[in-house]
Structures are given as structure tokens and as C-alpha cells.
Amino acid sequence: MTTPLCPFPIQAVRQPAAHGLSQITKSLYLSNAVAAKDRFMLSTNHITMVINVSVEATDIFFEDIQYIKVPLADAPNSRLYHFFDFIADRIHSVEMMQGRTLLHCAAGVSRSATFCLAYLMKYHSMSLLDAHTWTKFCRSTIRPNNGFWEQLIHYEFKLFGKNTVHMISSSLGMIPDIYKKEICLMTLMGVIPASR
């Protein structure tokens, strides 16, 4: 796999597993709920806003940091789409004030990653495919669920009038086409049964 060209003035450093903060842009970081409670990590990275997009994760409130919580479940039918603009606009407004935002859910894999992709599309004019490629490079553990992918595909079409990612049928049901090679490999390895 080739490394994507850096669309931002940062040096992305891949984070081990799901630990720590993953820097996506000069002003946006992703993490899990545990990292979002680490005062030293927040301070070291100059975080001024924490956005929690989960039902189950609680925040510890630190002075000089603003907090927003949008209680959303990690379920395919959870309507993240209705909050894409709100969250993207908040991240952008923090950046305009020279601040930094930490976006997190419980694991930093599905919900927060979905909002990150929506933000990159809206404010960095990235296609959904490019936004995913970049975010996956910065935080290798991201994996929005299929329902969130459908919402992101709809949002990309709303923003740009075209799509770079499509839902396709697979032995596991409908999946984004960027996972097609992965599903084929898992089928060949016998991890998942071949469809009949």
C-alpha cells in the first residue's frame, strides 16, 4: 500500500493500536474515551475542545477545555447524519480560533471516525474515499459500521453531487466497496464462508 500524500501541514504518526490521540489535521485529533480523560495528553496536544459522540463514554471535565456531548449509539441505524454539519462546524470554528479539537467515542473506531470523515469532506473538500484513506493512515483502527457508511455516502453526494464510495453486496451483506478486497481475502483464507 502506498502512503497517501499529506494534504495537511502535519507529519502524521501512526498510533499503536487504539491508544493515544491520533492527529488528523493541525487542529483535529481522534481518540478513544480513555485517552480523552488523560489530562497530560490533552494539555500536551493543546486541546481546547472535546467532542464526545457516544452514549456510554463519560468525560472528566478539565478547566480551559470546552465540552460537547452528542449521545449516539454505535448501531447502524443511529442517525449520525443529522449531526454531521453541527459537529463539522464546531470543529471548524475551534480551528478558526486557533484551538484544537479532540473528537472521541468509546473506542475511537466508528462514530468519531465517521464524524471525522464528514468534517474532512465539508471543510477540506476531500472525497469520501480520500478522507477515509487519510484518516486510516493517521489512525489505522478506524472502521465505521455499514449504516454509518451509507450516511457518509449520502452526505458526500449532498456536498459534491457524486460518490467515490458505493455500497456493494457481499457474503456479509451490504458493505462499502473499499472493503471488497478485504472480504475476498478473508473468504480465500476461510475466515468467512464463501457465498453460494
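Since the structure is predicted, the reported quantities are computational estimates derived from the model, not experimental observations.
Looking at heavy atoms from C-beta onward, Leu30 lies out of side-chain contact with Leu21 at the 4.5 angstrom threshold. Contact annotation: the side chain of Leu129 approaches that of Ile178 to within less than 4.5 Å [non-hydrogen atoms, C-beta and beyond]. Side-chain atoms of Thr25 and Arg100, non-hydrogen and from C-beta on, never get closer than 4.5 Å to each other. Side chains of His92 and Met97 form no contact here, defined as non-hydrogen atoms less than 4.5 Å apart. Side-chain contact between Ser169 and Met174 is present, with at least one heavy-atom pair separated by less than 4.5 Å. Using a 4.5 Å heavy-atom threshold, the side chains of Pro144 and Leu117 count as touching. At a threshold of 4.5 Å between non-hydrogen side-chain atoms, the residues Thr48 and Gln66 do not count as touching. Proximity of Ile91 to Ile51: side-chain heavy atoms (C-beta onward) are separated by under 4.5 Å at one or more points.
The side-chain hydrogen bond (donor to acceptor under 3.5 Å, both in side chains) search around Lys158 returns Asp85, not counting sequence neighbours. For the side chain to side chain contact (heavy atoms under 4.5 Å, CB included) test, residues two or more places apart in sequence or in another chain that qualify with Asn146 are Trp149, Met167, Ile175, Pro176. When the side-chain hydrogen bond (donor to acceptor under 3.5 Å, both in side chains) test is applied to Ser127, the partners found at least two apart in sequence or on another chain are Asp130. Residues passing the side-chain hydrogen bond (donor to acceptor under 3.5 Å, both in side chains) test with Glu95 are Tyr119, sequence neighbours excluded. With sequence neighbours excluded, the residues satisfying side-chain hydrogen bond (donor to acceptor under 3.5 Å, both in side chains) with Thr164 are Glu156. Here Leu159 pairs with Met121, Lys122, Tyr155 under the side chain to side chain contact (heavy atoms under 4.5 Å, CB included) rule; sequence neighbours left out. Contacts of Asp177 classified as side chain to side chain contact (heavy atoms under 4.5 Å, CB included), with partners at least two apart in sequence or in another chain: Val165, His166, Ile168. His154 is linked by a ring pair (Phe, Tyr, Trp, His ring centres under 6.0 Å) to Tyr81, counting only residues two or more places apart in sequence or in another chain.
Distance CG/Asn163 to CD1/Ile153: 6.0 Å, rounded to 0.5 Å. Annotation: the span from His46 atom NE2 to Gln98 atom CD amounts to 13.0 Å, rounded to 0.5 Å. Interatomic distance, OG of Ser112 versus CG of Leu102, reported as 8.5 Å (0.5 Å rounding). In this structure, Glu150 CD and Asn145 CG are separated by 9.0 Å, a value rounded to the nearest 0.5 Å. With rounding to the nearest 0.5 Å, the separation of CG in Leu42 from CG in Asp64 is 12.0 Å.
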Review item, side-chain donor-acceptor pairs of residues 52-60, under 3.5 Å, at least two apart:
| residue | atom | partner | partner atom | Å |
| --- | --- | --- | --- | --- |
| Asn52 | OD1 | Ser54 | N | 3.0 |
| Asn52 | OD1 | Ser54 | OG | 2.7 |
| Asn52 | ND2 | Ala57 | O | 2.8 |
| Asn52 | ND2 | Asp59 | OD2 | 3.2 |
| Ser54 | OG | Ala57 | N | 3.2 |
| Glu56 | OE1 | Arg111 | NH1 | 3.1 |
| Glu56 | OE2 | Arg111 | NH2 | 2.7 |
| Thr58 | OG1 | Lys37 | NZ | 3.4 |
| Asp59 | OD1 | His104 | NE2 | 2.8 |

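Looking only at distances, a side-chain donor or acceptor of Thr135 sits under 3.5 Å from a matching main-chain atom of Ala131. Side-chain N or O atoms of Asp38 include one that pairs as donor or acceptor with a backbone N or O of Phe40 at under 3.5 Å. For Gln23 (side chain) and Leu28 (main-chain N/O), no donor-acceptor pair under 3.5 Å exists by modelled atom type.
When all heavy atoms of Ile65 and Arg39 are compared, the closest pair comes out as CD1-NH1, 3.6 Å. Nearest heavy-atom pair across Thr141 and Gly108 is OG1-O, 4.3 Å. Contact detail for Leu103 and Cys116: the closest heavy-atom pair is CD2-N, 3.7 Å. Nearest approach of Ser31 to Ala36, heavy atoms of both residues: OG-N, 3.8 Å. Here the shortest heavy-atom pairing between Ser140 and Lys136 reads O-NZ, 2.9 Å. Smallest separation of non-hydrogen atoms from Gly99 and Ser27: O-CB, 3.5 Å.
Both Phe83 and Leu128 are members of a single hydrophobic cluster when ILVMFWY side chains are connected at heavy-atom separations under 4.5 Å. Placement of Val34 and Met41 in two distinct hydrophobic clusters is found when ILVMFWY residues are connected by side-chain heavy-atom separations under 4.5 Å, directly or transitively. Hydrophobic clustering keeps Phe160 apart from Phe157 (ILVMFWY residues linked when any side-chain heavy atoms are closer than 4.5 Å, directly or through intermediates).
Aromatic ring centroids of Phe84 and Phe115 lie under 6.0 Å apart.
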### Query
For Phe148 and Ser78, what are the C-alpha separation, side-chain angles and deciding distance, and is it a side chain to side chain contact (heavy atoms under 4.5 Å, CB included)?
CA-CA 8 Å; Phe148 297 169; Ser78 190; 4.0 Å; yes
### Task
May I have the step-by-step check of side chain to side chain contact (heavy atoms under 4.5 Å, CB included) for Val70 and Ile87, ending in yes or no?
CA-CA 9 Å; Val70 180; Ile87 298 295; 3.8 Å; yes
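A cation-pi arrangement, defined by a distance under 6.0 Å to the six-membered ring centre and an angle within 45 degrees of its axis, is absent between Arg139 and Tyr29.
Within the structure, the ring-ring contact (aromatic ring centres under 6.0 Å, His included) test picks out the following pairs touching residues 52-80 (sequence neighbours left out): Phe61-Tyr67.
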